[in-house]
Every structure is written in structure tokens, then in C-alpha cells.
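Labels below follow one simple rule: chain letters A, B, ... track the order of the sequence lines, proteins then strands, and each chain is numbered from 1.
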Amino acid sequence: MTYSELELNRIAKIDRMRERGEEPYPHRVKRTHRIDAARAAYEAAVEGGAEPNDTGVEATLCGRLRSIRSMGRTAFCHIEDEGGRIQLMLRSNTLGKEWLKQFEKDYDLGDFVEASGSLMLTRTGEITLLVSSLRMISKAIRALPSAKEVVDEETGERTTYSAFDNPEARYRERYADLAVNPEVRDIFRARSKVVSSIRRTLDDHDFLEVETPILQPIYGGAAARPFTTHHNQLKQELYLRISFELYLKRLLVGNLERVYEIGRDFRNEGVSYKHNPEFTQVEFYWAYADYFDVMDLTEEMVRNAAMAVFGGTTIGEYEGKEIDFGKWERVRLPDAIADRTGIDFTKYPTQAELAAAMKAKDIKFDPTMQRGKLIDKLLSDFVEPYLVQPTFLYDYPIEISPLAKKSADDPMIVERFEGYIAGMELCNAFTELNDPIDQEARFKYLQEMYGSEDDEGHPIDEDYIRAMSYGMPPNGGFGMGIDRLAMLLTNKHSIREVLLFPHLREEK
RNA sequence: GGGUGCGUAGCUCAGUGGUAGAGCAGGUGACUUUUAAUCACUUGGUCGGGGGUUCGAGUCCCUCCGCGCCUACCA
């Protein structure tokens with residue numbers, strides 16, 4: 001580690017402090033109040049008749065120094081903890097002229113301090129800790145990347161000058177981003193509310209939270225390329241999971257009727273504003289339910305998450321558009337595509353027929369695409385971008401849905417739905433295929449269609465078929481990208497904004 | 001993968017071929033109720049890396065690295 005002049009300067013301060021017997025990194029501190037609690041204590045004392053200019057309420061606060069204004073015999077600072085910010089007043093007549101001089105020399109923005117004193121009101125009307133003693137509890141060597149901020153006491157509005165907003169620097173040094181940008185901390189508080197709300201909703205419906213392998217000898221449950229890894233002692237090739245699906249459904253065979261998992265999936269594919277190589281999913285499987293039951297529960301889950309974030313209403317704003325997370329449209333996929341393109345794919349049961357219909361409409365496509373891919377293209381190009389308000393599309397073509405149960409009415413259609421908001425796919429669910437013979441046939445079809453070298457080709461999970469052969473109850477299953485829901489509920493256009501440490505290329 | 005924009009002090013940015021700048025942060029000093037405190041003085045640079053054109057390159061060209069945006073891919 002090489003230090004800049006500024007850093008060497010601060011290291012010299014550490015030496016200076018130790019020389020006069022002050023430890024800049026003490027082992028233990030004593031905090032009596034978080035800053036919001038101190039403010040509340042002040043208000044309570046004033047309400048109880050205390051003199052506002054000097055309540056006599058004693059408090060010891062800890063936090064980071066965020067501003068220092070030194071006036072010679074008096075200095076004002078702000079410190080910040082998770083409960084907010086409060087001003088400190090340091091006076092030479094209580095702390096000593098020499099002490100204040102040393103404070104000015106050795107304390108910097110970003111240092112953590114412990115300050116004891118009593119709560120009072122300054123001449124300008126700001127609640128302030130009049131400090132009787134203050135010490136360093138952790139010296140910062142690097143300067144925080146933010147300069148100055150003003151907080152309007154009335155509105156709480158914060159104006160930042162030369163804000164730390166370079167995205168690359170913010171993601172690489174997320175700790176500094178969080179330390180300096182309170183709205184970034186709020187994003188992750190909101191995200192945490194989303195996750196706990198989802199967990200609460202499922203728990204309330206008697207779902208059991210479980211954990212299944214991340215390192216898997218055979219990957220499956222989604223169409224994605226996996227990351228590979230290797231177990232040294234076992235000399236075994238392993239994959240990082242691309243979904244939880246096949247393991248969770250094995251649990252239904254084991255008579256666990258309602259299971260869910262919240263965790264990380266890994267997909268070795270391109271990154272974009274809505275794709276990160278690792279991302280957080282929730283999946284649940286629900287015995288004796290079908291995809292319409294799952295739709296109802298999805299609505300409840302998303303509604304609860306929105307209420308947890310917004311605090312009461314389900315109405316949010318995303319990219320300037322008002323979105324009601326409590327109100328869903330339900331449209332059959334064939335109808336949605338027909339409305340937008342004039343093509344009802346159910347009338348074209350083969351690739352050749354559908355391709356001809358698309359050609360007749362001047363729709364460009366790769367002629368090697370299978371029928372399922374063509375339908376997926378129609379969905380992606382003509383329907384998905386327009387699904388701004390929450391919408392379930394249901395009844396999907398069988399070719400792109402190997403784990404979903406066929407419709408009783410049409411063997412080319414499966415009981416599957418996807419949920420869309422703001423033109424973005426949010427979740428995917430089906431009445432799960434539980435017929436082991438059909439399942440094996442579907443896997444074989446995929447293998448023949450794509451072959452094992454193709455990215456789409458997947459190894460057949462024989463054990464999964466074996467499990468299903470013991471009998472799997474009819475069930476509805478569901479998967480949702482939590483990062484995307486967090487994006488929608490925090491009005492962020494990039495998945496990186498809702499990941500604490502998004503994947504970046506190696507720093508050179 | 002393709003297109004495009006960006007990369008200059010700790011942070012935010014200016015600088016379109018002629019001596020590398022500003023504000024804030026940092027340093028020295030003044031100042032006993034300030035809040036972007038103020039005032040005076042002041043330190044700080046591999047201009048992302050490498051190569052080229054030129055008398056001369058932060059600036060023009062090539063290349064590499066990183067990031068953003070668009071696009072493509074994505075059961």
C-alpha cells in the first residue's frame with residue numbers, strides 16, 4: 001500500500017495522538033443514544049418543561065464526523081450514525097484552549113468519534129450536543145469521497161456539492177458510496193424489506209423455507225449456461241446452480257407440501273441492466289395448487305412487498321410512470337401476441353407454418369429458429385416492451401416449457417404464466433409437470449432438438465425422473481427475480497444499483 | 001458480440017495543438033453560536049496504459065484496459 005500525501009498526513013496524526021497517550025482505535029466505546037434517540041430525548045425533555053436552550057439531558061453519541069467548522073475558541077461539527085445527523089458544539093472554555101487546538105489539528109472528516117455532553121439548542125435553533133468530552137474511536141486515513149453537504153432542517157432536504165456519483169467508483173468502493181450517499185443506504189433498506197416481506201408472505205401461507213445445493217453435479221431447471229467448478233479431493237466436476245427447481249420439486253415427492261427457497265442463482269451469460277452473473281431468486285412449490293392459485297399468491301406477494309417498501313399503498317413510480325403493484329391484468333399469451341401482430345400461433349402448429357405467417361407480416365427472424373423460439377421472439381419484440389402495468393401472460397407453447405404441465409384442452413399449450421412489469425420479465429410459474437413418463441420424453445425432445453454441445457442442450461437429470469417416479473403430487477411452482485422486483489420498487493433502471501457488490505471486471 | 005460516449009488532483013469538473021486549471025477536501029495562520037462558516041497564504045498531477053503524427057500532444061491517429069448508454073444474446 002502506498003499512501004498519498006493526504007494519507008501520510010493523517011498517519012502522522014495517529015502517531016501524534018499516540019505520543020500524547022490517546023489511542024485512535026480504542027477497544028470499547030460507550031454509546032447511550034443513537035442520534036435519533038437523542039433527538040427524541042431532547043424533544044421529550046422540552047415537552048416535560050425543560051429549558052430548550054439547555055435541557056440538561058446527558059448523552060454519549062458515536063458516529064462519523066461529517067462536517068467541521070472551527071471558529072477559534074468554538075468549533076461546530078456534525079456527526080452521523082444510522083439514526084441521522086446531529087451537531088456538536090465544542091467550546092474552549094469547557095474543553096480547554098489547548099485541547100481544541102489539538103482537535104482542529106488531528107481530527108478529520110470521516111473519523112469516528114465518541115462525544116459526551118448535554119443536549120441544547122443553539123442560537124440558530126439547531127438541536128446540538130454541547131460537548132463535555134470527545135475522543136477518537138476510529139481514525140480514517142483516507143478522505144471520504146464527498147465534499148460538502150447542506151441539510152435543510154425544515155424539509156430534511158439534502159443538497160450535496162460535488163457528490164460521489166461516478167458509477168464505476170461507487171460500485172468498486174461500495175463502502176464509500178454507502179458511507180457518503182444516504183439514498184444508497186435507503187435502496188438496500190428497501191431491498192431488505194422486499195426480501196423479508198416475501199419470506200413473511202410465504203411463511204404466513206405455511207410454506208417451509210429450505211436450502212438446496214448450490215454445487216450440483218447436474219444443473220437444470222432453466223435454460224442457461226452454468227459456471228463450472230471442481231472438487232479437488234473428490235475429483236468431481238461441479239456446476240453452480242442455475243435454478244432451484246429440480247431440487248425443490250424432489251421435496252414434494254418427499255411429502256413436504258409447501259417449500260420455498262430464497263437464494264443465489266448463477267448464470268454464465270451476458271450482463272445487462274437487468275442481468276448480473278449471480279442474482280437472487282425466490283422459488284416456491286405448492287402441492288395441490290395450480291397455476292391460477294400461484295397467480296393469486298404472486299399478486300399477494302408483490303402487493304405485500306410494495307406495501308412494505310412504500311408503507312401502505314401499492315402505487316409506485318418507475319421511470320416516470322405510475323405503477324400499481326396491487327393490480328394485475330391477466331391475458332392469454334396467444335391473445336396478447338395476436339393482438340399485437342395479428343398472428344395466432346395456436347393456428348400454426350409447425351415451425352414452417354408459423355415462419356410463413358411471420359414472413360407474410362414482414363417480421364424478420366433467423367430461419368433456423370424452432371417454433372418455440374419464434375413464439376418467444378414474437379413475445380419479446382411485440383408484447384413484452386408494452387407490458388408496463390403488472391400483467392400476467394399465461395398459456396405458453398410447450399416447446400419452450402419442458403417442466404410445465406400440458407393444458408388439458410390443447411397438447412401444444414402448457415399451463416404456464418410469466419409476470420411482467422415495466423416491460424421486464426419478473427416471474428415465471430407453472431402447473432408443474434408431474435408425469436414422469438412425459439417428463440422423460442420432454443427431456444429427450446430437448447436433447448434431440450439441441451444436442452449436448454449446444455448452449456441450450458442440458459444433461460438429463462435421471463435422478464429427478466427417478467424421484468418423480470415415486471409419485472409427485474400435482475403442484476404449482478413459481479420463481480421470481482428479487483433483484484428485479486427491488487429495481488421496480490426502488491425506481492432504479494440498473495440491477496447494479498440494487499446489488500451491494502455487482503460484478504465488475506477486474507480492476508487494473 | 002456490435003455500435004457509441006467517457007476516463008484530467010482525494011471528490012465534482014473545466015481545459016480542441018503552444019508554460020496543466022477551478023471549487024471543495026488537505027496544510028499554515030486569524031476568528032468564542034457556526035451550518036457550503038468566513039478571510040489570507042499554500043501543498044497536491046504517470047491528464048487510464050502503450051505506441052504513433054508533430055518543432056511541440058491532456059487535445060490528433062492507432063491499440064489495449066475500465067466504466068456508462070444503446071443493441072444483440074438470454075426455456
Side-chain angles (χ1 to χ4, degrees), chain A residues 3-10 12-13 53 66-78 85 87-94 97 100-101 104-105 108-110 120-126 128 130 141-153 158-173 176 180 220-225 242-243 245 267-275 366 370 372-373 375-377 380 396-404 414 416 418 425 428 430 442 446 449-450 455-458 479 493-494 496 502 504-508:
Chain A
Y3 293 106
S4 70
E5 186 190 338
L6 190 149
E7 289 155 8
L8 290 171
N9 213 311
R10 292 195 178 194
K13 295 177 185 188
N53 293 323
R66 293 310 308 274
S67 72
I68 301 173
R69 292 177 299 283
S70 172
M71 330 282 304
R73 299 284 178 79
T74 303
F76 291 91
C77 318
H78 279 95
R85 254 176 221 219
Q87 181 167 258
L88 309 182
M89 183 172 170
L90 310 175
R91 304 188 63 178
S92 62
N93 56 2
T94 51
K97 228 169 117 180
L100 200 57
K101 202 89 192 160
E104 284 177 22
K105 285 203 182 302
D108 292 289
L109 297 182
M120 46 90 70
L121 208 62
T122 58
R123 197 178 286 170
T124 51
E126 180 167 352
T128 297
L130 178 59
I141 289 175
R142 291 178 72 92
L144 285 175
S146 188
K148 297 225 163 174
E149 295 174 327
V150 200
V151 185
D152 189 319
E153 266 299 301
R158 193 183 296 261
T159 313
T160 307
Y161 299 84
S162 71
F164 183 51
D165 63 1
N166 177 287
E168 180 179 357
R170 284 181 47 233
Y171 300 147
R172 286 200 195 282
E173 300 190 32
V180 142
R225 276 176 287 173
I242 57 172
S243 87
E245 173 143 4
R267 296 188 182 176
N268 205 339
E269 288 172 349
V271 299
S272 80
Y273 75 95
K274 55 183 176 181
H275 296 270
D366 173 356
Q370 302 293 335
K373 287 263 173 187
I375 294 167
D376 199 41
K377 182 175 174 55
S380 307
Y396 275 63
I398 189 166
E399 294 94 328
I400 54 173
S401 314
L403 300 164
V414 293
R416 171 182 177 188
E418 290 186 316
E425 182 192 333
N428 182 22
F430 1 105
R442 302 270 199 104
L446 277 190
M449 203 56 99
Y450 298 114
D455 294 339
E456 307 287 335
H458 275 45
H493 185 64
S494 167
R496 292 181 159 187
L504 296 174
R505 286 172 205 267
E506 204 177 350
E507 192 177 1
K508 285 279 165 60

Within-4.5 Å side-chain heavy-atom neighbours: A/Gln370 and A/Glu399: no

A/Leu6, nearest nucleotide to its side chain (from B/G26, B/A75, B/U12): B/G26

Starting at the 5' end of RNA chain B and moving along, which residue's nearest nucleotide shows up first, A/Tyr171 or A/Arg416? A/Tyr171

So, OP1 or OP2 of B/G66: does either fall under 4.0 Å of a side-chain N or O from A/Arg172? no

Whom does B/G56 pair with, Watson-Crick or G-U wobble, provided both distances fall under 3.5 Å? none

Distance-only donor-acceptor test (3.5 Å): side chain A/Glu126, base B/U33: no

Could you check which of B/U32, B/C11, B/C74 has an atom nearest any side-chain atom of A/Ala223? B/C74

Distance-minimising heavy-atom pair for A/Glu269 and A/Ala223: OE2-O, 4.0 Å

Can you tell me how far C1' in B/C24 sits from the matching atom in B/U63, rounded to whole Å? 37 Å

N/O to N/O distances under 3.5 Å, protein versus nucleotides 40-43 of chain B:
residue	atom	partner	partner atom	Å
B/U43	O2'	A/Glu5	OE1	3.3
B/U43	O2'	A/Glu5	OE2	3.0

With sequence neighbours left out, write down each residue that passes side chain to side chain contact (heavy atoms under 4.5 Å, CB included) with A/Asp165, or none if nothing qualifies. none

Any strand counts, and the cut-off is 3.5 Å on both contacts for Watson-Crick or G-U wobble. Which nucleotide pairs with B/U32? none

Minimum-distance nucleotide (side-chain atoms of A/Leu504 versus B/A25, B/U12, B/C67): B/C67

B/U34 versus B/C41 - spacing of their P atoms, nearest Å: 25 Å

Would you say the side-chain atoms of A/Glu104 pair up with the backbone N or O of A/Lys101, donor to acceptor, closer than 3.5 Å? no

Nearest to the side chain of A/His493, heavy atoms from C-beta on, is which of B/C70, B/C74, B/U32? B/C70

For A/Ser243 against A/Arg267, the heavy-atom pair lying closest together: CB-NH2, 4.2 Å

Could you work out the separation of B/G17 and B/G56 based on their C1' atoms and round it to a whole Å? 8 Å

Re B/U16: Watson-Crick or G-U wobble partner, both distances kept under 3.5 Å, found to be none

A/Met71 backbone acceptor or donor facing A/Thr74 side chain under 3.5 Å: no

Side chain of A/Ser70 only, heavy atoms from C-beta on: which candidate in B/A75, B/C11, B/C31 is closest? B/C31

Is the backbone N or O of A/Ile400 less than 3.5 Å from a side-chain atom of A/Arg416, with the two atoms forming a donor-acceptor pair by type? yes

Listed nucleotide nearest any side-chain atom of A/Arg505, set B/U32, B/G66, B/C31: B/G66

Base, sugar-phosphate or nothing for A/Lys101? Non-hydrogen atoms, less than 4.0 Å. sugar-phosphate

Paired with B/C11 by Watson-Crick or G-U wobble geometry, both distances under 3.5 Å: which nucleotide is it? B/G23

Whether A/Ser92 side chain and A/Lys97 backbone form a donor-acceptor pair below 3.5 Å: no

base_contact_polar (B/U34 base, A/Thr122 side chain, donor-acceptor, <3.5 Å): yes

If I pick the C1' atom on B/A57 and the same atom on B/G15, what distance separates them, to the nearest angstrom? 14 Å

Side-chain N or O of A/His78 versus OP1/OP2 of B/A37: is the shortest distance under 4.0 Å? no

Roughly, in whole Å, what's the span from NZ in A/Lys274 to C1' in B/A72? 12 Å

Side-chain contact test, heavy atoms from C-beta onward, threshold under 4.5 Å: evaluate it for A/Glu418 versus A/Asn428 and give yes or no. yes

Distance below 4.0 Å between A/Lys373 side-chain N/O and B/C74 OP1 or OP2: yes

Measure across A/Ile242 and A/Ala222 and return the closest heavy-atom pair with its distance rounded to 0.1 Å. CD1-O, 3.3 Å

Can you tell me, in whole Å, how much space there is between the C1' of B/U16 and that of B/G21? 16 Å

More 5' along RNA chain B: A/Gly220 or A/Ser272, using each one's nearest nucleotide? A/Ser272

Could you measure between the two C1' atoms, the one in B/U59 and the one in B/U43, and give it in whole Å? 27 Å

Which nucleotide in B/G68, B/A75, B/G26 has an atom nearest any side-chain atom of A/Pro167: B/G68

Taking atom C1' in both B/G48 and B/A9, what distance in whole Å separates the two? 15 Å

Establish, with yes or no, whether the OP1 or OP2 oxygen of B/U34 is under 4.0 angstrom from a side-chain nitrogen or oxygen of A/Arg69. no

Please name the nucleotide paired to B/G1 by Watson-Crick or G-U wobble geometry with both distances under 3.5 Å, or report none. B/U71

Under 4.0 Å between a side-chain N or O of A/Lys105 and OP1 or OP2 of B/U28? yes

Winner on side-chain proximity to A/Asp165, out of B/C13, B/C69, B/U32, is B/C13

Looking only at side-chain atoms of A/Met120, point me to the closest of B/U33, B/C67, B/A75. B/U33

Anything under 3.5 Å between a protein N or O and an N or O of nucleotides 3-5 of chain B, put it in a table, one pair a line.
none

For a quick check of understanding: with a heavy-atom distance under 4.0 Å over all strands, which category does A/Thr128 fall into, base, sugar-phosphate or nothing? nothing

Please tell me if A/Lys13 has a side-chain N or O lying less than 4.0 Å from either OP1 or OP2 of B/G27. yes

Within the side chain of A/Arg442, is there an N or O that forms a donor-acceptor pair under 3.5 Å with the backbone of A/Ala404? yes

Mind checking the P distance from B/A37 to B/C47? Whole angstroms is fine. 33 Å

Taking 4.0 angstrom as the limit, do A/Lys13 and A/Asp108 come out as a salt bridge? yes

Which base sits across from B/C6 as a Watson-Crick or G-U pair, both distances under 3.5 Å? B/G66

Would you say that A/Glu126 contacts A/Met89 through its side chain, given a criterion of any heavy-atom pair below 4.5 Å between the two side chains? no

When you get a sec, tell me which of B/A75, B/A37, B/C67 is the closest nucleotide to the side chain of A/Glu168? B/C67

